[in-house]
Structures are given as C-alpha cells and as structure tokens.
Amino acid sequence: MRRNSFQRARRPAVSSVVAFAVPAILLIYYGLRGGSYDIVPRQEEAIAIWWILAIAVALGLLPRARPGRTVLIPLLALALLGVWTAISLGWTESDERTFAELARFFHYAGLLLLVWSAVDRRTWRPAAAGLLAGALVICAAALGSRLWPSAFPTDYVVTNLKLNRLSYPFNYWNAVGAFAVMSIAMALSWSAHARRLPLRAAALAFVPMCGATAYLTYSRAAVIGTALALLLVLVFSRNRWVAFVHELGGAAGAALAIAVIRGHHQIADATGNAGAGVVLLAVLAGAAIAATTACVTWVLRGDERWRLPARPARYAVAAGVVLAIVLVPTAGHAQITKGWHSFKKLPPSETSSDPAARLSSLNGNRYYIWRSAIRAFKHHPVDGTGAGTFEFWWSRNGGGEFIRDAHSLYLEEFAEQGAVGGVLMLAFVVSLAVVGIRARRLLPEGDLGVQGGLLAAFGAYLLHAGVDWMWESTTVSLLALLAIAVAGAAAAAPAARRARVPARVAFAVVGLVAVLVQLPGLSSTLRTRASQRAFERRDNATALSDATDAIAAEPWAASPYMQRALVEEAQGNLVASRVDLLRAQRREPTNYRYPLILSRVQAEAGNTGAAIANFRRAKALRPKSPFVEAGAPTQ
C-alpha cells in the first residue's frame with residue numbers, strides 16, 4: 001500500500017520533468033541546426049514528430065490531455081489550408097515548392113497536436129518553464145558566438161556577406177532578433193509571477209542578456225517587437241506594477257550591456273572579440289541589477305501591495321488606449337509622415353560607421369516587396385501563384401535583388417494562395433490566439449501571469465511574422481507555436497481514458513500520410529546534394545546516378561532535372577542536357593534559371609537562334625538579373 005502511494009506521488013514529478021525537458025530539448029535541437037530553415041533538417045524533424053505521435057497514439061500512450069473544443073478551430077483552419085495547397089498543385093508555378101510548403105503545414109500541425117495531446121493543466125507550467133529555458137540557451141549561444149566566435153561554428157552569413165549583424169544560430173539576424181524578443185516576454189512574465197524568489201530573480205537576470213542579443217542583430221523589427229512585448233506583458237500580467245518595475249530593471253541592465261558593447265568596436269562590428277571579457281562582465285552586472293530588482297519587489301511584497309481594484313484598473317487601461325489612439329496620430333503626425341516617406345525609400349549606398357545607425361531610419365526594401373505581393377494578389381485574387389512561388393513573381397515584375405519570400409506571412413499567403421489561402425491563414429493565427437486567451441477564463445489567478453507571458457510571446461511573433469519571413473524560420477515558429485499551444489493547454493483536463501481503437505488506427509493513418517508527405521522532398525534534396533558534391537570532385541558518373549535517383553524520388557520537382565542537366569553538359573552530352581532542362585522548365589515555367597542555362601547549352605551545341613531566344617526568355621522572367629541585365633546578344 002505504501003509503495004503504491006509512493007508511486008502515485010512520483011508520477012506528477014516524472015511527468016513534470018518530461019514536460020519541462022521535451023520543449024527545451026526541441027528548441028535547442030531545432031535552433032542549433034541552423035534554425036532548421038533548410039528543408040533537410042526541417043523535414044527530418046517533421047518525420048520524427050509524426051512518428052512519435054503516431055506510435056504513441058497507436059499504443060494508447062497519447063492523448064494524456066483533453067483540451068477544449070476551441071483547439072479544433074485552428075487545427076481545422078490549418079487542415080483546410082493544407083487541402084487548398086494540395087489542390088493548388090493543379091495550377092502552381094512550381095510543384096516542388098508548393099509540395100514543400102504542404103510538408104511545412106503538416107510539420108506545424110504535428111507540433112500543435114503533440115502539445116495538445118500531452119500537456120494539461122497539471123503539466124503546462126513545467127512545459128512553459130522548459131520553453132523559457134530552451135529559449136535562453138539559444139540566446140546565450142547567439143551572444144556567445146559574437147563574444148567568442150572561434151568556439152562556435154563559423155557564421156557564414158557574417159563572413160561571406162561581410163555583415164556585422166548577429167545571425168548565429170539561425171543564419172538570419174531578424175530571426176535571432178525575433179527569438180530574443182519572445183524570450184524577453186516570457187522571462188519578464190516569469191520574473192513577475194513565479195512562486196519562488198530564486199525563479200523570479202533568475203528569470204529577470206536573463207533579460208539583459210536577451211536584450212544584448214537583440215541589439216547585436218541591429219534589427220528594427222526587434223526594437224518594435226520589444227516595445228510590443230513589453231506592452232503585452234503588462235496587459236496579460238496579474239501583477240502589473242511588479243511587471244512594470246521589472247521591465248525597468250531589465251531595461252537598465254540591458255542598457256548597461258549595450259553601452260559597453262558600443263564602446264568595444266570589434267564586438268559591435270563583428271571584426272574580432274577584443275573586449276569580450278568586459279562585455280561579459282557588463283552583461284553579468286546587468287543581470288545583477290535585474291535580479292536585485294526582482295528581490296526588491298519581492299521583499300516589498302509588490303504582488304499584494306501594488307494593486308489597483310479591478311474596476312479602476314480597467315478604466316485606467318481604457319483611458320490609456322483612448323489617449324494613445326487620439327494623441328499618437330495628432331502629436332506624432334509630423335514624425336509619422338516623415339517615417340512613411342523614409343519607409344518608401346531604399347537605404348543609401350553609403351554606410352555609417354555606427355552599426356546601430358540603421359535603427360533610427362525606416363529605409364529599406366519592404367515597401368517594394370509588399371507592394372509587389374499586393375499586385376500579385378490583384379492579378380491572382382482567387383488562386384494565387386502557388387505556395388512558395390513569390391520569388392518568380394517578384395523576379396519577372398522588376399524585382400532587382402534576390403528575394404524568395406514576401407517578408408510578410410499575411411501578404412505572402414494572399415499573393416501565393418489567393419483569397420482562400422490568405423483568409424485561412426488569418427483564421428489559423430487568430431484562432432490560435434483565441435485558444436490561448438479563452439483558456440485564461442479557467443485558470444486560477446496565480447497562473448494568469450505566466451500564461452500571459454506565452455500569449456505575449458505569441459503576440460510578438462505575429463508582429464514579426466507580418467514584417468518578415470518568420471513563418472519559414474522554423475525555430476522561431478516553433479517557439480511561437482509551442483508557446484500558444486501550451487497557453488491553450490493550461491486549462492486542458494487530463495484524459496479520462498484511452499482513445500478507442502478505431503480512432504487510434506485513424507490517427508496512425510494520418511501520421512503515416514504526414515510522414516509520406518515529407519519523404520519525397522527530403523530524399524530528392526539529399527540525392528541532389530550528393531550529386532553536387534560528386535560533381536565538385538569531378539566524379540561525373542556518381543553525380544549522374546545520384547541526380548537520376550533524385551528525379552525518381554520526386555519526379556515533379558524541377559531542381560533534380562537541372563542538376564542532371566549540368567552533369568550531362570559537363571560530359572558533353574548536350575542533347576540529353578537540353579532535354580532535362582526542358583523538363584525542368586515545364587515544371588517551373590516562370591523560373592528564369594532554366595532558359596538561361598538552356599541558352600548556354602544551345603550555344604555550345606551551335607544553335608545560335610535557339611540560344612538567343614532562350615536568353616531573351618530568361619531576361620523576360622527576370623529583367624533585372626545581373627546575368628541578363630546587360631541585354632541579349634544579337635545575331
């Protein structure tokens with residue numbers, strides 16, 4: 001009898017450890033694989049997620065939680081978006097890219113299902129703590145890569161592009177900035193609402209580190225995102241005055257760290273690590289300031305004493321919102337107008353010696369990219385150009401620089417998937433937020449603050465996803481989706497019994513389908529890259545064989561045909577190369593690369609007229625390409 005009681009007492013502890021460890025490990029694993037942006041790690045991870053889900057459900061190990069019915073709405077929206085994407089394979093400009101986006105939808109759906117089938121009201125707090133821990137490890141690794149770059153993998157983005165913006169480990173500075181902002185939101189909420197002082201002090205102590213990480217990205221979106229995150233933390237907090245004071249303490253610590261970074265140019269400019277020790281001491285001093293702030297609010301019992309009655313608090317918030325709506329457009333009219341004109345201008349060619357100078361300007365290319373996405377929607381209002389194909393639209397409509405995404409999840413979906421896809425994407429993200437907010441009604445007051453941090457992190461993500469390609473930055477989306485899923489699971493009841501056998505079998509079939517969707521692109525990409533490596537070492541026979549295997553793995557894809565065509569060209573088999581390039585062109589008729597290479601092959605074969613015609617087609621598909629901008633040759 002005593003042994004059974006002991007086992008029952010240990011079960012919640014074991015489940016809490018698992019709930020903490022899994023999100024933390026997932027974040028660190030995804031993040032340290034280049035942010036899992038690349039198709040290979042992304043689809044390998046999706047296969048693992050769905051295998052775990054399918055096997056666990058088939059064996060009756062999951063579901064262990066019974067979330068509210070509201071979770072069905074975002075799942076249904078995502079499922080319909082996947083169905084619409086599959087239907088769009090009938091008209092998309094690239095089956096290969098659209099199929100890869102379909103695989104992405106399955107991946108994200110698997111992550112949501114994993115949380116909602118495993119996390120309930122008993123384990124959501126450990127899961128939220130695991131998210132924060134994993135996020136802080138990633139931020140620490142990012143900052144560490146700037147202070148001691150030799151201890152980390154080479155940041156080829158900084159090295160090759162000669163940039164000073166912190167990009168490790170996601171290979172994109174804005175993604176690192178967005179991730180740091182979301183980490184700040186969660187850390188602040190824990191610091192104001194954790195039940196123990198050491199947790200509060202530790203959580204707030206990490207805020208200056210995350211602030212320094214965000215600063216080194218020199219991301220304007222991170223500045224705006226931080227402001228939004230701070231506001232949302234206050235909105236969703238229970239201890240708003242404590243949270244506000246903690247924001248001040250965290251800001252003071254971050255300001256100290258940033259000031260020291262600015263005084264050490266090798267750290268600020270990514271040209272060396274002279275002064276790394278001093279910067280580390282400044283970060284630790286900032287952490288001490290923040291931790292002391294948390295201790296002071298605890299000793300002063302701010303949770304209990306610094307509180308307005310509910311009704312005056314609501315009135316104060318409403319009055320603040322009204323004042324902001326009225327005063328910002330009127331008092332800030334001149335600055336808003338100036339900012340808008342700046343936003344519509346490309347950045348000047350000359351660069352400032354201060355790497356943070358760009359934070360004071362809105363110059364950039366977003367205006368032109370977003371305008372192009374809106375035009376794409378106007379030309380294809382119902383069907384779109386096909387998921388993953390914005391690059392082709394941008395290139396043939398005068399886009400100068402290389403752009404793959406529309407730098408806005410919402411505009412990109414309308415451009416690529418038409419009104420149907422755009423509305424479904426909006427329904428998906430909005431319904432996710434509703435799931436998290438509705439769960440608050442069932443939570444005790446002591447849990448509202450920590451859960452609010454998850455909502456604040458998701459809210460910051462929605463902003464970043466609207467101004468950049470965060471949807472495709474897998475680890476950033478992972479943190480956002482896990483955060484909102486755990487926020488929704490905070491009110492989930494434990495599962496009363498195992499799912500019935502027919503339901504388990506049906507889910508296993510869905511899991512098998514999800515795995516099968518990942519396999520073609522993964523296998524084809526691996527074989528294509530193997531062919532490229534063999535080609536580089538002049539092993540043309542192996543390169544040709546691997547390229548053929550890549551075609552067999554994903555026959556609707558264009559890139560394996562191009563790879564085989566390049567090998568055949570090198571072997572002098574120009575007829576076969578021409579045939580494969582035409583096959584690639586049929587699969588991606590608006591991709592300028594295939595007629596451009598085809599023009600070269602035709603020229604090598606002595607077909608001058610065909611070479612000129614293909615060159616002109618390539619120029620029409622990307623008139624501002626550096627390869628064709630000089631103009632087509634004449635006979």
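More than 12 heavy atoms of other shown residues, nucleotides or ligands fall within 6.0 angstrom of atom CZ in Arg440. In Phe206, the CZ atom is not crowded: 12 or fewer heavy atoms of neighbouring residues, nucleotides or ligands sit closer than 6.0 Å.
Taken to the nearest 0.5 Å, the CG atom of Leu131 stands 9.5 Å off from the CZ atom of Phe20. Between the OG1 atom of Thr70 and the CG atom of Leu75 there is a distance of 10.0 Å, given to the nearest 0.5 Å. A distance of 14.5 Å separates CZ of Arg33 from CD1 of Ile28, quoted to the nearest 0.5 Å. To the nearest 0.5 Å, atoms CG (Leu113) and CG (Leu78) are separated by 9.0 Å. To the nearest 0.5 Å, the span separating SG on Cys139 from CE on Met209 amounts to 5.0 Å. To the nearest 0.5 Å, atoms CG (Asp38) and CD (Glu472) are separated by 13.5 Å.
Taking the six-membered ring where the residue is Trp, the centroids of Tyr30 and His107 are separated by under 6.0 Å. Two rings, from Tyr218 and Tyr215, have their centers less than 6.0 Å apart.
Scanning all heavy atoms of the two residues, the minimum distance from Thr213 to Ala142 falls at CG2-CB, 3.9 Å. The shortest non-hydrogen separation linking Ala205 to Ala287 is O-CB, 3.2 Å. Smallest separation of non-hydrogen atoms from Ala201 and Ala294: CA-CB, 3.8 Å. Listed here is the closest heavy atom pair of Gly466 and Ser408: O-OG, 2.8 Å. Considering every non-hydrogen atom in both Val260 and Ala282, the closest pair reads CG2-CB, 3.5 Å. Taking every heavy atom of both residues into account, Pro169 and Ile138 meet most closely at CG-CG2, 4.1 Å.
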Worked check of side-chain contact (heavy atoms from CB on, under 4.5 Å) between Val476 and Met182:
CA-CA 9 Å; Val476 178; Met182 297 161 66; 4.2 Å; yes
In sequence, state the C-alpha distance, the side-chain angles, and the governing distance for Trp471 and Glu412, and then conclude on side-chain contact (heavy atoms from CB on, under 4.5 Å).
CA-CA 10 Å; Trp471 177 257; Glu412 182 170 293; 5.6 Å; no
As a quick check of understanding, evaluate side-chain contact (heavy atoms from CB on, under 4.5 Å) for Leu248 and Thr293, giving each step before the final call.
CA-CA 9 Å; Leu248 295 178; Thr293 303; over 6 Å; no
Run Leu232 and Leu455 through side-chain contact (heavy atoms from CB on, under 4.5 Å) and show every step you take.
CA-CA 8 Å; Leu232 291 177; Leu455 295 176; over 6 Å; no
Between Phe244 and Trp306, is a ring-ring contact (aromatic ring centres under 6.0 Å, His included) present by the stated rule, with each step listed?
CA-CA 11 Å; Phe244 178 69; Trp306 302 350; over 10 Å; no
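No donor-acceptor pair closer than 3.5 Å links the side chain of Asn164 to the backbone N or O of Pro355. Ser191 places no side-chain N or O within 3.5 Å of a backbone atom of Leu204 that could act as its donor or acceptor partner. Panel note: side chain Arg64, backbone Ala118; no donor-acceptor pair is recorded below 3.5 Å. With hydrogens and angles ignored, the 3.5 Å screen pairs no side-chain donor or acceptor of His464 with any backbone N or O of Ala175. Side-chain atoms of Ser477 never come within 3.5 Å of backbone atoms of Thr474 as a donor-acceptor pair (strictly under, hydrogens ignored). Listed for the Glu413 side chain is no donor-acceptor partner under 3.5 Å among the backbone atoms of Met425. Looking at Ser237, its side chain does come within 3.5 Å of a backbone N or O of Val233 through a donor-acceptor pair. A donor-acceptor distance shorter than 3.5 angstrom exists from the side chain of Ser189 to the backbone of Ala185, with no hydrogens or angles considered. No donor-acceptor pair under 3.5 Å is formed between the side chain of Ser361 and the backbone N or O of Arg358. Judged by distance alone, with hydrogens and angles left aside, the side-chain atoms of Trp148 form no donor-acceptor pair with the main-chain N or O of Asn273 at under 3.5 Å.
Contact check on Arg262 versus Asp269 returns no salt bridge, with no Lys/Arg side-chain nitrogen under 4.0 Å from an Asp/Glu carboxylate oxygen.
Ring orientation note: the planes of Phe179 and Phe170 are nearly perpendicular, at an angle over 60° on the 30°/60° scale. Ring geometry, Trp469 versus Tyr37: the interplanar angle falls from 30° to 60°, so the pair is classed tilted.
Each of Val223, Leu228, Ile224, Leu230 was checked for a side chain to side chain contact (heavy atoms under 4.5 Å, CB included) with Thr226, and the lone residue meeting it is Leu230. Only one option out of Arg122, Arg195, Arg441 pairs with Asp447 in a salt bridge (Lys or Arg N to Asp or Glu O under 4.0 Å); it is Arg195.
Using a 3.5 Å distance cut-off with no hydrogens or angles, the side chains of Thr271 and His265 do not pair a donor with an acceptor.
Residue pairs satisfying the side-chain hydrogen bond (donor to acceptor under 3.5 Å, both in side chains) criterion with at least one member in residues 170-179, sequence neighbours excluded, are listed as follows: Arg165-Asn174, Tyr172-Asn174, Tyr172-Asp468, Asn174-Ser219, Asn174-Asp468.
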